[in-house]
Amino acid sequence: MASAVSAHPPDGLKRVAARAKGHAPRYLEAMNPEQRQAIEALDGPILVLAGAGTGKTRVLTARIAHLLAQGRARPYEILAVTFTNKAAREMQQRAAMLVGPAAEAMPWLGTFHAISTKILRRHAELAGLKPSFTILDTDDQLRLLKQVLQAENIDDKRWPARALASYIDSWKNRGLDAAHVPAAEAAAFANGKGAALYKLYQERLKTLNAADFGDLLLETLRIFRENPSVLMLYQERFRYILVDEYQDTNAAQYLWLRILAQGRRNVCCVGDDDQSIYGWRGAEVGNILRFESDFPGAKIIRLERNYRSTGHILKAASALIAHNEGRLGKTLFTDGGMGEKPAVTGAWDCEEEARTIGEEIEQLQAKGHALDEIAILVRASFQMREFEERFITLGLPYRVIGGPRFYERAEIRDALAYLRCVAQPADDLAFERIFNLPKRGLGDAALQLVNNYARRARIPLMQAAQALTETEELKPKQRQALRGLLADFSRWASLTGNKPHSELAEIILEESGYIDMWRKERTADAAGRLENLKELVRSMEEFPGLGAFLEHVSLVMDAASNDAGDRVSIMTLHAAKGLEFETVFLPGWEEGLFPHQRSIEDQGRAGLEEERRLAYVGLTRARRRVRIYFAANRRIHGLWQTTLPSRFLEELPADHVEVRDAAAGSAYGNYAQSRFANSGRYESRYETPGWQRARRRAEEAGEADLWPRPERSRRTVQIEGELIARSSAGSAFAKGARVFHTKFGPGTVAAADGNKLTVDFDKAGRKMVLESFVEAC
DNA sequence: CATTCGAGCTTTTTT
DNA sequence: AGCTCGAATG
């Protein structure tokens with residue numbers, strides 16, 4: 001996204017234009033009337049409400065093709081914004097398939113952040129930055145905030161930097177600068193210092209010549225607002241604006257978009273209010289609802305014909321999402337057959353869940369099902385581990401999408417810090433990071449000296465360090481070490497022009513001793529880290545220069561995974577948006593996990609509705625087969641918790657869902673007699689501390705109706721005693737029993753709660769332990 | 001100044 | 001349960 005692409009009209013443009021003269025152009029083939037309308041209505045504001053699987057991306061790319069073919073715009077006159085890098089990449093690729101190389105010459109196709117960066121670099125001075133400003137990621141941001149808090153003598157135990165970071169983030173998401181922070185919110189942090197700290201942070205950013213993610217948008221917006229001539233430039237240039245996933249835009253992005261679109265008013269937004277799943281990041285569904293009033297005379301086109309899923313899946317998904325209030329409302333339909341019903345299966349715990357899914361996948365594979373066409377979509381990334389472990393033992397090839405991000409690993413960030421110091425000698429945060437890494441005898445005290453010097457002289461750290469080596473302030477040994485480091489840096493800097501940058505990176509990592517540091521480390525993961533570093537150097541080769549590489553890294557936080565081949569995909573529901581698979585497995589449909597407890601606690605009903613949309617996204621990823629699972633027990637923060645089946649299961653229409661028993665011989669058998677839950681079986685679960693706590697909190701928040709009380713839910717059927725035997729009454733250890741724990745030694749049981757025991761140990765005192773960790777004695 | 005050990009906190013999702 | 005951060009110790 002960083003590469004400045006040449007703007008010469010490419011050959012592809014002419015080819016497409018020529019083709020358009022004959023019969024209907026290729027990009028209009030097989031489009032239904034609504035889709036055609038959305039593609040061909042070029043003038044004025046348009047909102048396309050595109051349900052899941054209705055060909056949204058096809059329409060967007062075809063629209064680009066149409067604009068080019070009609071000669072309405074040159075590739076560089078179209079602004080096409082997406083929300084994620086993945087979406088940007090996909091649009092780029094699919095546009096390239098339609099119009100050939102012309103799509104590659106679309107310099108203004110990218111994420112909000114990438115495009116903003118491009119604009120901001122051109123006009124950086126207007127925002128008090130130099131064009132070479134660095135982009136801070138979350139990690140840098142946090143360290144900077146810690147410094148600010150420290151400088152202000154604020155106890156970062158009581159007021160953690162993380163909390164301030166999330167405040168600032170949400171302010172930036174809403175387009176607020178320090179002067180406009182609502183008083184109530186500013187008061188919430190550090191006794192009212194919130195806004196002042198925000199201001200200080202911004203000042204620090206400016207002196208560091210740096211911007212965080214939020215700034216990329218906010219500063220660009222500010223430039224537009226304060227410099228009409230600059231704004232005009234871009235309003236004129238962008239003859240046509242296209243926005244993907246419009247439901248995900250936050251207030252800042254919305255303002256950014258609106259100010260640009262007010263020029264020519266040729267703006268086409270595509271979105272689906274039912275798939276808005278980024279509310280926690282400040283996305284406002286309201287933006288989509290407000291479209292008509294912002295752009296009077298806007299045309300609204302609904303795409304409701306679903307080309308992806310079979311009937312039962314679509315019915316199930318539609319019934320589920322119908323539980324949400326405040327939707328624009330669409331009715332998806334398909335001409336295809338009803339197909340298989342989504343199946344719901346209960347498991348005893350997450351291990352059994354993974355085992356069952358593993359077996360089902362093997363069966364599908366035996367029938368010739370491609371693994372590429374199978375996905376496991378989880379709510380939270382910690383769920384992935386269980387599947388990975390299971391698939392490794394089965395030898396089932398899989399790929400994790402999302403996962404721990406490559407560029408966020410410590411060793412990668414360290415290596416990048418070295419590169420940043422070379423490319424950008426004023427990058428103080430990077431310099432601080434590697435100042436004593438590997439260890440070179442320069443500790444906190446030394447860093448403090450450099451810092452003080454730098455502040456006094458108002459120069460970057462690296463320069464201050466240089467100056468310090470000329471004085472007597474440091475101990476001789478340290479002075480020597482620092483001299484060595486600085487000499488290294490100037491030598492590496494002198495190599496920048498001469499050597500290929502990947503080679504330079506290798507030299508730096510080798511000569512700095514950083515690689516050696518890991519080689520000497522005898523821990524299990526050291527080898528993996530060295531591999532990652534190799535991978536980093538290798539991936540650099542794809543970029544024209546060090547600067548371009550660093551820019552890419554800061555904007556695209558994930559590395560292209562090159563694990564090609566036929567594999568099962570494991571990813572979060574968020575990562576799955578926009579994808580489709582033949583078969584989709586949806587594990588972990590339990591209260592507290594999905595819907596996630598936090599989302600309800602933080603956002604109440606709005607949070608619950610967002611979770612439901614997430615479920616809707618999950619269901620609608622499948623073309624033919626959906627398998628939903630829930631586990632009766634799950635380990636959360638190391639403690640086993642009994643869980644309730646998700647309320648979403650009850651919201652699925654009985655006619656379109658098949659309820660299955662878990663695999664034969666399973667520890668946790670059929671749950672299904674009374675359909676989903678709320679039978680006596682789960683009664684005891686309401687007594688677990690977790691559940692009680694959740695309910696109490698919900699009630700305090702005035703959301704009692706989201707957390708049904710047992711009296712209300714307890715209806716019908718009492719089946720067998722198995723579960724009860726497993727839960728509160730069922731501990732193998734009664735109060736007063738003597739037990740032995742491998743770590744704490746002998747003790748006496750003070751209380752038993754499910755499989756958790758409170759034990760008074762003879763030596764260690766009172767502890768809460770898991771039943772499975774103790775033996776009777 | 002570096003290393004080691006324990007306490008406490010964490011786990012939603014992403015640019 | 002696993003990790004990060006801070007205090008205590010060499």
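Naming convention: chains lettered A, B, ... in sequence-line order (proteins, then strands); numbering from 1 in each chain.
The side chain of R598(A) lies closest to dT11(B), out of dT14(B), dT11(B), dT15(B). Out of dT11(B), dT13(B), dT15(B), the shortest distance to the side chain of H574(A) is found at dT13(B). Distance from the side chain of K439(A) is smallest for dA2(B) among the nucleotides dT13(B), dC1(B), dA2(B). Distance from the side chain of S381(A) is smallest to dT13(B) among dC1(B), dT13(B), dC5(C). Proximity note for T111(A) (side chain, C-beta onward) versus dT11(B), dT13(B), dT15(B): the nearest is dT15(B). Distances from the side chain of W280(A) to the nucleotides dT15(B), dT13(B), dC1(B) place dT13(B) closest.
For an aromatic pair to be called close, the ring centres must be under 6.0 Å apart, and Y398(A) with F387(A) fails this. Checked against the 6.0 Å centroid criterion, the rings of F630(A) and F594(A) do not qualify as a close aromatic pair. Taking the six-membered ring for Trp and the full ring otherwise, the centers of F112(A) and W256(A) sit less than 6.0 Å from each other.
In this structure, CG of L437(A) is placed 12 Å from P of dT3(B), rounded to the nearest angstrom. As a whole-Å value, the separation of N633(A) CG from dA1(C) P is 16 Å. As a whole-Å value, the separation of K577(A) NZ from dT15(B) C1' is 13 Å. Atom-to-atom, CZ of R413(A) to C1' of dT4(C) comes out at 16 Å; the value is rounded to the nearest Å. Remark: P of dT13(B) and CZ of R613(A) are 18 Å apart, rounded to the nearest angstrom. Distance R281(A) CZ to dT14(B) P: 9 Å, rounded to the nearest Å. Atom CG of L216(A) and atom P of dT15(B) are 13 Å apart (whole Å). For the pair K86(A) NZ and dT15(B) P, the computed distance is 9 Å after rounding to whole Å.
The residue H113(A) sits close to a base: some heavy atom pair falls under 4.0 Å. In this structure, F112(A) reaches neither bases nor backbone, as no heavy-atom distance under 4.0 Å exists between it and the strands shown. Here E610(A) lies out of heavy-atom contact (under 4.0 Å) with every strand.
Between dT14(B) and T572(A), a contact under 4.0 Å exists linking OP1 or OP2 to a side-chain N or O. Within the structure, every side-chain polar atom (N or O) of N436(A) is placed at least 4.0 Å from both OP1 and OP2 of dC1(B). A close approach under 4.0 Å does occur between a side-chain nitrogen or oxygen of Q478(A) and OP1 or OP2 of dC1(B).
Cation-pi contact between R612(A) and F648(A): absent, since separation from the ring centre below 6.0 Å together with deviation from the ring axis within 45° is not met.
Nearest-nucleotide positions on DNA chain B for H596(A) and R440(A) put R440(A) closer to the 5' end. Heavy-atom nearest nucleotides on DNA chain B were determined for D444(A) and for L614(A), and the one closer to the 5' end corresponds to D444(A).
Side-chain contact of D349(A) with N633(A): a donor-acceptor pair under 3.5 Å is absent, judged by distance alone.
Here the straight-line distance linking atom NZ of K577(A) with atom OG1 of T572(A) works out to 11.5 Å at 0.5 Å rounding.
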